Amino acid sequence: MEENGSIIFATSKADDSRMQHTFNIGISSNDSMASISHIETNLDDLDAMSSVWDNIQEENNSIEGEVLLASICYSSDGRMSSLTTDFYKDVDGHMNELEDYDVVYLLKAEFNK
């Protein structure tokens, strides 16, 4: 049986008076929905950095096992591009791509039948 759903990965600044960012993940599948939020503190440098985000580009493919779904990358030098498609297919073999960024958040999930 084929099932459909959505996963949303987002970040926002929690409060202007404190250096906090909220990371949110929402999952919806058929008639079910779940979400979680996490507040990171001491991230004052992120406000001065550029960011780029991306997600897995595979469509209509079976997703099994552990999969990298999305990334949010921060850099202080302003020169940025998204992680390559090869990075999403083979994270361990392309870890050198992360050297271009100061901070990287990766959303990975493991899918089981």
Side-chain angles (χ1 to χ4, degrees):
M1 177 167 97
E2 184 176 318
E3 295 186 32
N4 294 311
S6 299
I7 299 175
I8 299 171
F9 181 39
T11 182
S12 63
K13 190 169 181 181
D15 185 340
D16 287 335
S17 65
R18 297 179 295 180
M19 299 306 173
Q20 295 182 342
H21 290 259
T22 303
F23 291 86
N24 302 291
I25 300 172
I27 301 171
S28 171
S29 178
N30 296 331
D31 294 329
S32 301
M33 184 173 19
S35 65
I36 188 169
S37 294
H38 174 74
I39 296 176
E40 285 283 323
T41 57
N42 301 320
L43 297 177
D44 53 3
D45 292 341
L46 292 185
D47 292 334
M49 293 185 197
S50 300
S51 64
V52 65
W53 53 92
D54 204 357
N55 60 287
I56 189 170
Q57 298 298 315
E58 301 295 320
E59 291 185 22
N60 300 320
N61 288 338
S62 176
I63 297 177
E64 295 179 2
E66 187 175 270
V67 178
L68 175 61
L69 299 175
S71 62
I72 302 175
C73 307
Y74 293 89
S75 176
S76 58
D77 70 10
R79 294 177 289 138
M80 302 181 68
S81 62
S82 298
L83 298 172
T84 65
T85 303
D86 290 337
F87 183 87
Y88 281 86
K89 292 179 181 178
D90 179 17
V91 174
D92 292 333
H94 291 86
M95 290 298 287
N96 61 318
E97 289 187 37
L98 301 181
E99 295 172 1
D100 295 337
Y101 305 100
D102 296 304
V103 178
V104 176
Y105 292 95
L106 301 176
L107 175 63
K108 293 170 82 175
E110 184 169 350
F111 295 91
N112 300 303
K113 288 187 177 186

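Only a predicted model underlies this, so the values are computations on that prediction, with no experimental measurement involved. Every heavy atom of this structure was used, including side-chain atoms; hydrogens, water molecules and symmetry mates were not.
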A.B. asks: In terms of relative ring orientation, are Phe23 and Tyr105 parallel, tilted or perpendicular, with 30° and 60° separating the classes?
C.D. replies: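 Ring orientation, 0 to 90° scale: tilted.
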A.B. asks: Could you pull out the closest heavy-atom pair between Phe9 and Ala70, with the gap in Å?
C.D. replies: CD2-CB, 3.8 Å
A.B. asks: Residues two or more places apart in sequence or in another chain: which of them pass side-chain contact (heavy atoms from CB on, under 4.5 Å) with Ser37?
C.D. replies: Thr22, Asn24
A.B. asks: Identify, with sequence neighbours excluded, every residue that meets salt bridge (charged side-chain N to carboxylate O under 4.0 Å, His left out) alongside Glu110.
C.D. replies: none
A.B. asks: Indicate if Ile8 and Ile72 have the same hydrophobic cluster label, given that clusters are the connected sets of ILVMFWY residues with side-chain heavy-atom separations under 4.5 angstrom.
C.D. replies: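 No, no single cluster joins them.
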A.B. asks: With the side chain counted from C-beta on, respond yes when Leu83 and Asp54 share a heavy-atom pair under 4.5 Å apart, and no when they do not.
C.D. replies: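 Not touching, per the 4.5 Å side-chain cut-off.
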A.B. asks: Measuring from atom OH of Tyr88 to atom OG of Ser71, what distance do you get when rounded to the nearest 0.5 angstrom?
C.D. replies: 3.0 Å
A.B. asks: How long is the span from the OG atom in Ser81 to the CD atom in Glu97, to the nearest 0.5 Å?
C.D. replies: 8.0 Å
A.B. asks: Can you list the residues that meet the side-chain contact (heavy atoms from CB on, under 4.5 Å) rule with Asn96, with sequence neighbours excluded?
C.D. replies: His94, Glu99
A.B. asks: List for me each residue that meets side-chain hydrogen bond (donor to acceptor under 3.5 Å, both in side chains) alongside Ser76, sequence neighbours excluded, and say none if there are none.
C.D. replies: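 Ser76: side-chain hydrogen bond (donor to acceptor under 3.5 Å, both in side chains) contacts with Asp102.
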A.B. asks: Tell me every residue that passes side-chain contact (heavy atoms from CB on, under 4.5 Å) with Ile7, counting only those two or more places apart in sequence or in another chain.
C.D. replies: Ile25, Ile27, Leu69, Leu107, Phe111
A.B. asks: Under the rule for side-chain contact (heavy atoms from CB on, under 4.5 Å), what residues qualify as partners of Asp77, not counting sequence neighbours?
C.D. replies: Ser75, Arg79
